[in-house]
Structure formats: C-alpha cells, structure tokens
Amino acid sequence: MLSLMACNRASIAKLTRPKFPEPLRYLYDWWLEAGIMGRNDSGRLTWEGVGKWAELMKHRPEPHEWDAIAKIDSAWQAGLVPPKDEYMG
C-alpha cells in the first residue's frame with residue numbers, strides 16, 4: 001500500500017508546468033506590454049487598447065497573433081497563466 005506521502009509526491013510531480021515555449025515568448029511579451037495600456041474597468045484587454053498599443057509600439061500583429069494575445073488574456077483572467085517570473089526563473 002502506498003503511503004500518503006508517496007501519493008502526494010506523485011501528484012505534485014504531475015502538476016509541474018511545462019517549459020515556456022521560447023519561440024512564442026514575443027506573444028507573451030506583447031500581451032504584457034498591451035496590458036499596461038489596453039485594459040478596461042473589468043481588467044480585460046480591449047481591442048481598442050491593443051490597437052493603440054500596436055500603433056504606439058509600431059507592431060503589426062498578424063490575425064493569428066491578435067488571436068493568441070486574446071487567448072493568453074482569457075487564460076490569465078481564468079487564473080491559468082502564471083506570473084512572468086515563474087517562467088523566467
């Protein structure tokens with residue numbers, strides 16, 4: 001019979017986060033930058049705010065990049081995206 005401690009260690013091992021996908025880091029960084037100026041009163045990114053950020057920073061996101069930024073924000077709102085320093089360490 002497995003001890004409770006052994007079961008806990010096995011469960012914790014399954015919860016480790018995957019490594020950050022380095023080729024996609026720019027999208028995460030864009031999301032962080034856009035979030036500084038593009039949030040509404042509820043804390044969600046707005047298309048207008050992201051558009052202003054893109055214009056100011058002279059970025060021209062492709063449609064799939066806009067979609068990725070929106071999905072990162074939705075995941076963050078749901079508590080699924082960890083703080084930046086958890087991935088940077």
Side-chain angles (χ1 to χ4, degrees):
M1 186 194 282
L2 289 173
S3 71
L4 183 58
M5 188 65 92
C7 290
N8 284 343
R9 275 190 292 240
S11 295
I12 289 169
K14 290 179 185 176
L15 295 175
T16 57
R17 294 187 192 278
K19 291 189 181 218
F20 193 90
E22 288 300 325
L24 302 178
R25 181 172 301 281
Y26 78 99
L27 291 169
Y28 186 74
D29 290 341
W30 282 4
W31 169 74
L32 288 172
E33 290 174 4
I36 293 170
M37 64 176 49
R39 296 196 179 279
N40 62 19
D41 293 338
S42 69
R44 292 208 173 269
L45 277 179
T46 64
W47 290 116
E48 295 82 12
V50 175
K52 288 178 187 175
W53 159 81
E55 184 179 342
L56 178 67
M57 300 303 288
K58 303 205 182 327
H59 290 310
R60 302 198 68 167
E62 297 290 325
H64 69 277
E65 292 169 325
W66 285 96
D67 186 51
I69 291 169
K71 286 180 179 171
I72 293 169
D73 196 58
S74 292
W76 179 73
Q77 292 290 332
L80 301 175
V81 175
K84 187 174 184 176
D85 39 328
E86 283 189 31
Y87 275 132
M88 299 302 185

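Everything numeric in this text was worked out from a predicted model, so none of it was measured.
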Side-chain atoms of residues 50-67: list all donor-acceptor pairs with protein atoms under 3.5 Å, sequence neighbours left out, distances to 0.1 Å.
| unit_1 | atom_1 | unit_2 | atom_2 | d |
| --- | --- | --- | --- | --- |
| Trp53 | NE1 | Glu33 | OE1 | 3.1 |
| His59 | NE2 | Trp30 | NE1 | 3.4 |
| Glu65 | OE1 | Glu62 | N | 2.7 |
| Glu65 | OE2 | Tyr26 | OH | 2.7 |
| Trp66 | NE1 | Pro61 | O | 3.0 |
| Asp67 | OD2 | Lys71 | NZ | 3.1 |

- Message: Distance check, rounded to the nearest 0.5 Å: Ile36 atom CD1 versus Trp31 atom CH2?
- Response: 10.5 Å
- Out of curiosity, Leu27 CG to Leu32 CG, how far, rounded to the nearest 0.5 Å? 11.0 Å
- List in chain and number order the residues that pass salt bridge (Lys or Arg N to Asp or Glu O under 4.0 Å) with Arg44, two or more places apart in sequence or in another chain; answer none if no residue qualifies. none
- Kindly say whether Leu45 contributes a backbone atom to a donor-acceptor pair with the side chain of Gln77 at under 3.5 angstrom? no
